[in-house]
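Read the structure below first, then the notes.
Protein chains get the first letters and strands the later ones, always in sequence-line order, with residue 1 at the start of each.
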Amino acid sequence: MLDKQLLERILNTALESSADFAEVFVEDKAQSTVMLQSNTIEQAINNHTQGIGVRIAKGYQSVYGYTNSKNHEDMLALARDLAKSFPGERARGEVTLGTMKQGKAHQIKRMPDSVDMKEKVAIVKRANEAARAYSDEIKQVSVSYMDYVQNVWIASSENIYVSDQRVRTRLGIHSVASDGKDMQSGFNGPGGHYGFEFYDTFSVEEAAKEASRVAVTMLHAEECPSGLMPVVIDNGFGGVIFHEACGHSLEATSVAKNASVFSGKKGEQIANPIVTAIDDGTIENAWGSANYDDEGREQTRRVLIKDGVLNTYMIDHLNGRRMDEQSTGSGRRESYKFAPTSRMSNTYIDNGDSTFDEIIAATKYGLYAKKMGGGSVQPATGDFNFAVMEGYMIRDGKIAEPVKGATLIGSGKDALKKIDMVGNNLLRAQGMCGSLSGSIPTDVGQPTVRVSSMTVGGRKGGNA
Amino acid sequence: MNFQRLFDLAKAKGVEAIQIYLKDSQSLELDVFKGDLDKHQMSSTQELTITGIYQGKMGKLKTEAISESHVEMWVEEIIKSASLIESQDEVFIFGGSESYETVDGLLNEDLENQDVKTIMDNTYALEQKVREMDERIDISTAMYRQTRTRVRLQNSQGLTLEKDANSAAYIAQAVARADGDSRTHYEYVQSNVPADFDLDMIAKNAVEKSVSQLGAKPIKSGPYEILLENDASASLLAAYASMFSAESVQKGMSKLINKIGETIASDAITLVDDPFRKASPKSGSFDDEGVATKHKNMILDGKLTGYLHNLKTAKKADTTSTGNGFGGGVAPTNFYIKPGTTTREDAIKNMEKGLIITELAGTHSGTNPISADFSLQASGYYVEAGKIVKPIALITVAGNYLELLQNVTDVLDDLKFGFSFIGSPSLKIKSLDVSGE
C-alpha cells in the first residue's frame with residue numbers, strides 16, 4: 001500500500017487546478033486459478049495485479065487515469081496530467097486525510113494464500129469425478145477453481161480514507177453430455193465472499209452432479225416451441241431476469257443521463273404490487289458483498305422497488321451530483337483499470353406468498369425455465385434477452401417434457417408489470433456482471449415467479 | 001528490466017526453458033455526452049507473463065509487480081505451478097520460425113502524433129453532428145478510444161521478438177425517441193490511419209439506423225428469408241470462432257471434428273484468417289508463442305481446409321502450428337468471411353418476403369458453441385416485394401450456425417469488422433425460424 005503522506009500528495013496535486021473532487025484507488029490483488037479438463041490438471045496460474053487509479057472531477061465532468069508504475073514520481077505525474085483537464089485557479093483547500101477506517105464484516109476463516117495448492121487441486125478432482133460419475137453420457141467435464149484476495153485503499157477529498165479486503169472463492173463445473181450426434185452442456189458455479197472455508201458450506205459432489213444433470217436432461221430434450229406464453233422462472237439464477245430487465249435500468253449510470261426507461265419514475269408504480277426488489281451489498285459473506293463500495297462509502301441495503309413502487313435507484317458519487325442525490329454506496333469497479341460507476345451488488349426479488357406447486361398448478365400451458373443462462377439488456381430501450389439453460393413445458397398445470405434452445409425476450413418495463421405470481425422460496429446464485437466499470441461479482445436471486453406472457457424463441461416452429 | 005538474471009536463475013534451479021512476454025500499454029479514452037465531456041481517461045500499464053518448463057510441464061504466472069527483487073519468487077512460482085500440472089501433452093518454448101513476414105504500418109506515427117486537443121475537438125464535433133442531424137435524436141454520445149501496445153517476447157532458446165502497434169476508434173451512439181418508443185444504434189470506425197475516420201459517415205449511420213427503427217414491433221412467427229447484415233453476421237461468427245480452433249476440436253467440443261476436406265458451407269463462403277491485414281492491431285508477424293503467422297483460408301468455397309493451431313495442438317495432430325497461439329490457447333487473428341460482389345440494393349430488390357436482420361443481441365448467452373445452435377434476440381426490417389416496409393424488433397431468430405452457412409444464397413460486397421477484428425459482409429440466407437407475435 002501507499003503511505004498516507006503520498007496519498008495526500010497525489011490528491012493535492014490532482015486538485016492543483018480548478019477540480020472540486022479528487023480520489024485515489026489503490027489495489028493489490030493476488031488471484032490463483034486451477035483448470036482441469038479431460039481428467040487432468042491443465043493449468044495452475046497465479047496472477048498478481050497492483051496499481052492505482054486517480055479520478056478528479058469538476059461538477060459533472062471527470063477525468064480518470066491509471067498506472068501500475070511503482071515509481072512515486074509517475075503517480076504524481078499522472079495526477080498532474082489529469083489536473084490539466086480543468087485549467088484555472090485552485091478551487092479546493094489542502095486535503096488532509098484522517099484515520100484510515102478498515103472494513104470488519106465478511107470475516108474469512110482460511111485465507112486462500114495460506115492453503116496449499118494441493119488442497120485446491122483436490123477440490124477440483126472431487127468435482128470432476130462426481131460430474132463424470134453422474135452418467136455415461138457425460139463425455140467432457142471442465143472444472144475451474146478460482147480464489148482471490150483483493151486489498152484496496154481508497155482516499156478522496158470527500159473525507160474518505162478506508163481500506164477493505166475482498167476475498168472471493170468460486171468453483172465452476174461445466175459438463176458436456178453427448179450421444180454421438182447431439183451435444184448439450186450444463187454449468188454450475190457456486191461462489192462467495194469466502195476463503196477456503198467456503199468448501200465446508202456445501203457439497204462439492206452435489207454441485208458437480210447438478211451441472212451434469214442439466215447437460216443430460218437437455219440431451220434428451222426436444223426443441224422448444226416459440227411464441228407468446230406464460231413463463232414460470234425458477235428461483236436462484238432465475239433472478240437474472242430482474243438483473244437484466246430492470247436492475248441495469250435502475251443504475252444511476254443510465255438514470256442520471258435520462259437514458260433509462262425508469263428515469264424520473266421514482267414513486268411511480270413500475271411493477272405489479274406483489275413485487276418487492278432489493279439490492280443488498282451487506283449480506284454476510286455473499287458473492288457481491290463488501291464493507292465499502294469502490295468509492296470508499298459503506299455498503300448498504302437498497303430497497304429498489306417496494307410493493308411495485310420505484311423506491312430508490314443505485315447511485316454512485318458523480319452520477320449523484322447529476323441527479324442531485326446522495327450516493328447509495330453503489331460505486332463499483334472491476335479493478336484500478338476502471339473508473340467506478342453505479343452497479344448492482346446482491347440483487348433479488350423478495351419472497352411473495354405463493355408456493356412453487358401453486359404456481360405450476362395455476363399454469364395451464366407455458367414454459368418452466370428451471371435454470372437460466374446469461375442475458376443482456378439495452379438500457380436505452382429496456383429490451384432484454386436471456387437464454388434458458390434448462391426448460392420444460394407446462395401442460396395442464398403439470399411439468400411436462402424437457403425442452404432445449406429457448407431464449408426469452410421482452411422489455412423490462414412490461415415484464416415487471418406482467419409478474420403475476422411470486423413464490424416464497426427465495427434463493428440467490430452467483431454471476432459475473434459486465435458493464436462500463438468492468439466485470440464484477442454480483443448475486444442474482446428470486447423466489448419462483450410467473451410472468452403472464454413472454455416471447456419465447458425456440459427452434460421448433462411457432463404456436464405449438 | 002533485464003531478464004538475463006531470471007533466465008540464469010531458472011536454469012540453475014532446473015527449469016529447462018523459460019520465456020517472458022512483456023506488454024506495455026497506453027490508452028486514451030474520451031466520451032462526449034450531449035455536448036459535455038463525460039469521460040476522459042488515460043492509462044499506462046505494464047504486464048509480465050512468465051512461462052517455464054520444469055520436468056516436462058509448463059508452469060505459468062502473470063504479474064504487474066515487475067521488479068528484479070522478485071526474480072527468486074518468480075522462479076519458485078513457476079516450479080510450483082509446473083509441479084501441479086498432470087496433462088501429458090508435450091509443451092514447448094519455441095526457438096523460432098525460419099522466417100517472419102515484415103508487417104508494415106502496425107504503428108502509425110501520424111496517429112501517435114495527434115494532439116489531445118484535436119482529438120477532443122473531433123469527438124465534440126462527432127457528438128454535435130449526431131445531435132443536430134435529426135430532431136428525434138434524444139441522446140447522443142461520441143466516443144474516442146486509442147491504444148498503443150508494445151510487446152517483447154524473449155526466451156532462453158535465444159528468441160527475441162518485438163511488436164509495436166497502435167489503433168483508434170471513433171464511436172457514435174444515437175438514441176432516437178418518438179411516440180414513447182426509443183431505439184438506439186452504435187456506429188464506429190476502427191483504424192490507425194487518421195484519414196479513415198469519416199465522422200460524417202459515422203454520424204449519419206448512427207442517426208439513420210436508430211431513427212429508422214422507431215416504432216419497430218414484432219412480426220408473426222414463422223420461417224423467413226433473411227438478409228443478415230454485416231454487423232450482425234460478424235457478431236455471430238465471433239460467437240462461433242472457437243469451432244475452428246484445434247483445441248476445441250481435440251477436446252470434442254466442436255462439431256467440425258473430422259470434417260476437414262468436407263463441404264460445411266455454401267460454395268459462396270470463403271473464411272479467412274489474415275494476420276497481415278492493414279491498420280489492425282491484431283496483425284503481426286508472430287503469435288504469443290513466437291511462431292511465424294500466416295494467411296489461411298479456413299473455408300475455401302464451402303470446404304473446410306483445416307483448423308487453427310498452436311504448438312501444442314499441432315503436435316497432437318502431427319502437423320505444424322498455424323501461428324494462432326494466442327492468450328495461452330488458440331485464437332484467430334483478423335478472421336472474416338470474404339466479401340462477394342452483390343450490392344445491398346440488389347440483395348433487397350429480389351427479396352419477395354423476408355427480413356433484414358441488422359442486430360443480434362445476447363450472442364454471449366444465446367449461442368451454443370458446441371452444438372452450434374442459436375436462439376437470439378434480433379431487430380431489423382420487414383421486406384416485401386423488394387422494398388423495406390417497416391422496422392421490426394423484439395423477435396428471436398433461431399437456427400444452427402453450420403446449417404446457416406450451408407443455406408447462404410448470396411454474399412454481399414460490404415465486409416465490416418467488429419471490435420474483436422472478426423468481420424463479415426452481409427449474407428443472404430434461405431430461411432431462419434423467427435419467433436415474434
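The residues B/Glu64 and A/Lys337 are annotated as salt-bridged, a charged nitrogen and a carboxylate oxygen being separated by less than 4.0 angstrom. Taking the charged nitrogens against the carboxylate oxygens, A/Arg322 and B/Asp36 have no contact shorter than 4.0 Å, which rules out a salt bridge. A salt bridge is defined here as a Lys NZ or Arg NE, NH1 or NH2 lying under 4.0 Å from an Asp or Glu carboxylate O, and B/Asp373 with A/Lys404 fails to meet this definition. Checked for salt-bridge contact, B/Lys255 and A/Asp182 miss the test: no charged N lies under 4.0 Å from a carboxylate O.
Note that the CG atom of A/Asn258 and the CG atom of B/Asp138 stand 6.5 Å from one another [nearest 0.5 Å]. Here the straight-line distance linking atom OG of B/Ser83 with atom CE of A/Met117 works out to 11.0 Å at 0.5 Å rounding. Here the straight-line distance linking atom CD1 of A/Ile41 with atom OG of B/Ser87 works out to 10.5 Å at 0.5 Å rounding. The OG atom of B/Ser67 lies 9.0 Å from the NZ atom of A/Lys70; values are rounded to the nearest 0.5 Å. Distance CG/A/Asn47 to NZ/B/Lys62: 5.5 Å, rounded to 0.5 Å.
Heavy-atom distances place the backbone of A/Val456, and not its side chain, under 4.5 Å from chain B. Using a 4.5 Å cut-off between heavy atoms, B/Ile139 contacts chain A through its side chain alone, with no backbone atom that close. Within the 4.5 angstrom heavy-atom criterion, no atom of B/Ser379 approaches chain A. For B/Ile395, the part sitting under 4.5 Å from any heavy atom of chain A is the backbone (N, CA, C, O) and nothing else. Residue A/Lys125 touches chain B through its side chain alone, counting heavy-atom pairs closer than 4.5 Å. Residue A/Ser62 touches chain B through both its backbone and its side chain, counting heavy-atom pairs closer than 4.5 Å. For B/Leu376, the part lying under 4.5 angstrom from a heavy atom of chain A is the backbone only. For A/Leu78, the part lying near chain B is the side chain, with the backbone staying farther off; criterion is any non-hydrogen pair under 4.5 Å. Looking at A/Gln140, only its side chain comes within 4.5 Å of chain B, counting heavy atoms on both sides. At a 4.5 Å heavy-atom cutoff, A/Asp74 makes no contact with chain B through either its backbone or its side chain. At a 4.5 Å heavy-atom cutoff, B/Gln88 makes no contact with chain A through either its backbone or its side chain. With a 4.5 Å cut-off on non-hydrogen atoms, B/Asn368 touches chain A through its side chain but not through its backbone. Residue contact with chain A, scored on non-hydrogen atoms closer than 4.5 Å, is absent for B/Lys80. Proximity to chain A is limited to the side chain of B/Asp89, based on heavy atoms less than 4.5 angstrom apart.
When all heavy atoms are compared, the tightest approach of A/Lys118 to B/Leu84 is CG-CD2, 4.4 Å. For A/Gly227 against B/Ser435, the heavy-atom pair with the smallest separation is N-OG, 3.2 Å. In terms of heavy atoms, A/His174 sits closest to B/Ile370 at CE1-CD1, 4.3 Å.
Proximity to chain A among residues 49-61 of chain B is limited to B/Lys60, B/Leu61, judged by heavy-atom separations below 4.5 angstrom. For residues 40-47 of chain B, a heavy-atom distance under 4.5 Å to chain A picks out B/His40, B/Gln41, B/Met42, B/Ser43, B/Ser44, B/Thr45, B/Gln46, B/Glu47, given by residue number.
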Pair A/Val176-B/Met253, side-chain contact (heavy atoms from CB on, under 4.5 Å): steps then yes or no: CA-CA 8 Å; A/Val176 178; B/Met253 312 277 261; 3.8 Å; yes
Step by step, work out the salt bridge (Lys or Arg N to Asp or Glu O under 4.0 Å) result for A/Asp383 and B/Arg183. CA-CA 10 Å; A/Asp383 292 352; B/Arg183 296 292 153 190; 3.2 Å; yes
Could you walk me through whether B/Thr63 and A/Gln50 pass side-chain contact (heavy atoms from CB on, under 4.5 Å), step by step? CA-CA 8 Å; B/Thr63 184; A/Gln50 55 175 217; over 6 Å; no
Start with the C-alpha distance between B/Leu394 and A/Thr455, add both sets of side-chain angles, then the distance that settles side-chain contact (heavy atoms from CB on, under 4.5 Å), and finish with yes or no. CA-CA 8 Å; B/Leu394 282 182; A/Thr455 303; 5.9 Å; no
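Judged as a side-chain hydrogen bond (donor to acceptor under 3.5 Å, both in side chains), and not counting sequence neighbours, the contacts of B/Ser140 are B/Glu127. Listed by chain and number, the residues in a side-chain contact (heavy atoms from CB on, under 4.5 Å) with B/Asp179 amount to none (sequence neighbours excluded).
In terms of heavy-atom pairs under 4.5 Å with chain B, the best-connected choice from A/Asn68, A/Val121, A/Val54 is A/Asn68. Chosen from A/Met183, A/Gln43, A/Gln61, A/Lys139, the residue pairing most often with chain B at heavy-atom distances under 4.5 Å is A/Gln61. The candidate with the highest count of non-hydrogen atom pairs below 4.5 Å against chain A, out of B/Ser25, B/Gly362, B/Ala393, is B/Gly362. Among the candidates B/Gly399, B/Gly436, B/Ala82, the residue making the largest number of heavy-atom pairs closer than 4.5 Å to chain A is B/Gly399. Of the listed residues (A/Ala387, A/Ser185, A/Ala339, A/Ala30), the one with the most heavy-atom contacts under 4.5 Å to chain B is A/Ala387. Counting heavy-atom pairs closer than 4.5 Å to chain B, the top-ranked of the candidates A/Ser411, A/Ala57, A/Gly373, A/Gly374 is A/Gly374.
The closest side-chain heavy-atom distance from A/Lys257 to B/Thr141 is not below 4.5 Å.
Within 6.0 Å of NZ on B/Lys23 lie no more than 12 heavy atoms contributed by other residues, nucleotides or ligands. Enclosure of atom NZ in A/Lys29 by more than 12 non-hydrogen atoms of other residues, nucleotides or ligands within 6.0 angstrom is indicated.
One side chain, B/Lys251 or A/Gln37, offers a donor N or O that lies under 3.5 Å from an acceptor on the other.
Remark: B/Lys39 fails to qualify as a cation-pi partner of A/Tyr64 under the 6.0 Å distance and 45° angle criteria applied to the six-membered ring.
In this structure, the side chain of A/Thr407 engages the main chain of B/Ser375 through a donor-acceptor pair within 3.5 Å.
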